[in-house]
Amino acid sequence: MTDVDPALADAAPDDFGPFGRPLFEDPSARALSRVGVVDVGSNSVRMVVFDGAARSPAYFFNEKIMCGLGQGLAETNRLNPRGRERALVALKRFALLAKGMEVSPMTVVATAAVREAKDGPEFQEEVLRETGLKLFVVDGDEEARLSAQGVLLGWPDARGIVCDIGGNSMELARIGGGKVGVRATSPLGPFRLQQVSSDPAVRQKHIVNVLRGLKDIIRPDGDRIYLVGGSWRVIGRLDMERRAYPLTVLHEYRMQPKSLMETLDWIASNDLTALRVRTGTSTDRMELVPLACEVLRELMRIFKPKEIDVSAYGIREGLLYEQMPAKLRARDPLIEAARVAEATSARIPGFGKKLYSFLSPLFKNAPPERQRLIKAACLLHDTTWRAHPDYRAEVCFDNATRANLGGLDHPGRVFLGLALLHRYKNSRSGSRLEPLFRLLSDQEIQHAEVLGKAMRFGAMFSVADPTAAGSLRWLPKLKVLELTLTEDGASLYGEVAEARFKSLASALHGRPEVILPR
């Protein structure tokens with residue numbers, strides 16, 4: 001790619017239409033083509049390499065080792081010997097992998113276990129000597145800030161309290177308006193709680209005392225709580241299992257306090273081994289879940305949140321966010337991810353914007369949240385064209401509902417997936433995907449069908465620019481879908497286009513009307 005055309009440098013965002021300036025023509029964004037981070041936590045050591053130019057995290061490489069560095073720390077004040085050995089082996093491997101992927105420099109951050117252990121500085125020196133990786137040890141305040149930034153990466157409009165639980169600590173941070181506010185750290189990690197007492201009543205009293213102190217700092221006010229950390233994610237996955245929830249994507253999974261309390265009771269009354277097998281959870285992770293449940297129960301009781309949401313993004317994504325230029329942070333993660341998918345996978349990159357312009361008269365009264373889903377659908381409408389025609393519709397649906405997309409809640413995923421399904425297929429009846437449709441209202445299902453059939457018509461009506469071939473107008477009071485054709489459009493409006501236009505009118509519960517050029 002070349003640098004941005006100087007003639008465009010001062011252009012207003014609106015000059016580029018509803019999608020804004022093509023971000024990846026900007027050299028400062030392209031400089032983040034690969035961003036490697038390693039998180040040395042109390043329980044796990046993980047390396048992630050991001051395709052850093054993407055506003056929505058794209059995981060080029062992701063590997064985790066459950067080392068247990070912080071196990072027994074509260075008792076010995078030292079890193080777990082076996083955990084230290086395993087962590088060093090993992091970091092040696094990660095350094096070599098980074099070299100092989102030409103990712104340099106790597107950002108390596110250590111949290112509670114290394115910062116609190118007496119032999120933490122010694123471990124830092126050993127890691128540098130043996131691997132060449134410089135281990136940055138962050139304090140609790142900085143850990144809370146980075147985790148909160150990870151949430152903002154995926155949820156730009158997030159407002160509430162981020163709660164990040166690790167092996168030896170739990171951090172809280174207030175977020176809102178795209179910024180991180182007051183934050184605090186605490187010794188409420190499961191490894192720490194193992195050393196408090198074997199008596200649940202004693203542990204409960206300890207947890208309550210710590211949380212009351214945190215409440216004075218964070219000052220909860222019926223906020224939404226965003227859960228970050230492996231133990232919380234397991235609890236979220238178990239909540240899905242109890243509720244027979246049809247979509248197992250954890251990011252932006254939302255729970256109500258009463259229902260989540262029922263799940264905590266359900267976990268306590270069930271065999272953990274059986275639950276581990278049912279959900280595919282590792283033994284090391286599941287062992288910490290009961291203690292995490294104790295913390296979460298008291299957190300909900302004392303902070304009284306209106307909703308509890310799971311974030312798949314945390315400190316590692318926060319490190320990526322730290323390196324993003326401000327203009328990249330300001331972009332919509334969903335639209336940027338869809339734009340990248342179109343640029344790399346569609347037959348005619350750039351057509352999605354033209355398709356949106358052609359279809360937009362049908363959706364002029366749609367609220368902003370729906371408009372962004374419509375934009376994303378238009379960008380994604382042709383990204384699975386290589387799939388077998390018999391399965392293309394379901395591949396579209398799977399990609400939208402299960403892809404790693406930021407800024408997209410579960411109903412939004414299903415709406416987007418259903419619209420893309422109808423882009424390739426008239427009917428959804430009998431689909432194996434039907435259980436997921438219950439996340440939408442009947443009206444939302446109908447709107448997704450209209451969008452899908454609109455894309456199905458527009459995408460084949462003209463492969464160059466449908467706005468040059470005709471224009472659409474929906475007259476809701478008259479129940480008329482009007483298509484005004486240009487001279488070229490009249491020639492493009494063949495039998496297949498006519499059938500798809502009629503299908504779109506039918507989805508709108510209207511009648512089609514074609515206006516020929518004079």
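The structure displayed is predicted, hence computed values, not measured ones.
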Under a 4.5 Å cut-off applied to non-hydrogen side-chain atoms, are Ile374 and Gln371 in contact? yes

Residue pairs meeting salt bridge (charged side-chain N to carboxylate O under 4.0 Å, His left out), one or both in residues 426-441, sequence neighbours left out, come to Glu394-Arg432, Asp398-Arg432, Arg428-Glu449

Chi angles and distances behind the salt bridge (Lys or Arg N to Asp or Glu O under 4.0 Å) call for Asp265, Arg297: CA-CA 10 Å; Asp265 292 339; Arg297 186 185 297 275; 3.0 Å; yes

>> A side-chain contact here means heavy atoms from C-beta on lying under 4.5 Å apart; do Asp309 and Leu227 qualify?
In response: no

Of all heavy-atom pairs linking Pro220 and Arg174, the shortest is CA-NH2, 3.7 Å

Here the pair of heavy atoms bringing Thr383 nearest to Ser345 is O-CB, 3.6 Å

Applied to residues 484-495, the salt bridge (charged side-chain N to carboxylate O under 4.0 Å, His left out) test, sequence neighbours excluded, yields none

* Asked: Do Leu416 and Leu380 come close enough that some side-chain heavy atom pair is under 4.5 Å?
  -> yes

Ile348 and Asp382 have their tightest heavy-atom pair at N-OD2, 4.3 Å

How about CG on Asp390, more than 12 heavy atoms from neighbouring residues, nucleotides or ligands closer than 6.0 Å, or not? yes

Residue pairs meeting ring pair (Phe, Tyr, Trp, His ring centres under 6.0 Å), one or both in residues 222-248, sequence neighbours left out, come to Trp155-Tyr226, Tyr245-Tyr253, Tyr245-His410

In terms of heavy-atom contacts, Val48 and Arg46 come closest through CG2-CD, 3.7 Å

### Message
Can you see whether Asp465 engages Thr467 through a side-chain donor-acceptor pair at a distance of less than 3.5 angstrom?
### Response
yes

Applied to residues 488-510, the ring pair (Phe, Tyr, Trp, His ring centres under 6.0 Å) test, sequence neighbours excluded, yields Phe457-Phe501

List the steps, then state whether side-chain hydrogen bond (donor to acceptor under 3.5 Å, both in side chains) holds for Arg237 with Thr279.
-> CA-CA 7 Å; Arg237 180 65 185 86; Thr279 56; 5.8 Å; no

By ring pair (Phe, Tyr, Trp, His ring centres under 6.0 Å), Tyr313 pairs with (sequence neighbours left out) His251

*asked:* Quick one, Leu152 and Ile175 - any side-chain contact, counting heavy atoms below 4.5 Å?
replied: yes

Check your understanding: So, do Ile225 and Lys306 sit near enough that their side-chain heavy atoms are less than 4.5 Å apart?
Key -> no

Residue Tyr391 excluded, over 12 heavy atoms near OH under 6.0 Å
no

- Answer yes or no: is there a side-chain heavy-atom contact under 4.5 Å between Leu288 and Ser231? yes

**Request:** Assess whether side-chain hydrogen bond (donor to acceptor under 3.5 Å, both in side chains) is satisfied between Ser503 and Asn426, documenting all intermediate values.
**Result:** CA-CA 8 Å; Ser503 178; Asn426 260 325; 2.9 Å; yes

Taking every heavy atom of Val310 against every heavy atom of Gly236, the minimum-distance pair comes out as CG2-CA, 4.3 Å

Lys/Arg-Asp/Glu bridge criterion (N-O < 4.0 Å) met for Arg339, Glu336: yes

*Using the ring of Phe415 (Phe, Tyr or Trp, six-membered ring only), decide whether Arg370 places NZ or CZ under 6.0 Å from its centre and within 45 degrees of its axis.*
yes

Original post:
Would you say the side chain of Arg473 lies within less than 4.5 Å of the side chain of Thr484, judging by non-hydrogen atoms?
Top reply: no

Residues passing the side-chain contact (heavy atoms from CB on, under 4.5 Å) test with Gln443, sequence neighbours excluded, are Ser441, His447

Practice problem: Considering only NZ, NE, NH1 and NH2 on the basic side and carboxylate oxygens on the acidic side, decide whether Arg254 and Glu252 come within less than 4.0 Å. | Solution: yes

* Asked: Within 45 degrees of the axis of the six-membered ring of Phe60 and under 6.0 Å from its centre: does Arg34 put its NZ or CZ there?
  -> yes

Heavy atoms of Leu247 and Met240 approach each other most closely as O-CE, 3.5 Å

Find out whether Glu262 and Asp239 are in side-chain contact, i.e. whether some heavy atom of one side chain is under 4.5 Å from a heavy atom of the other. no

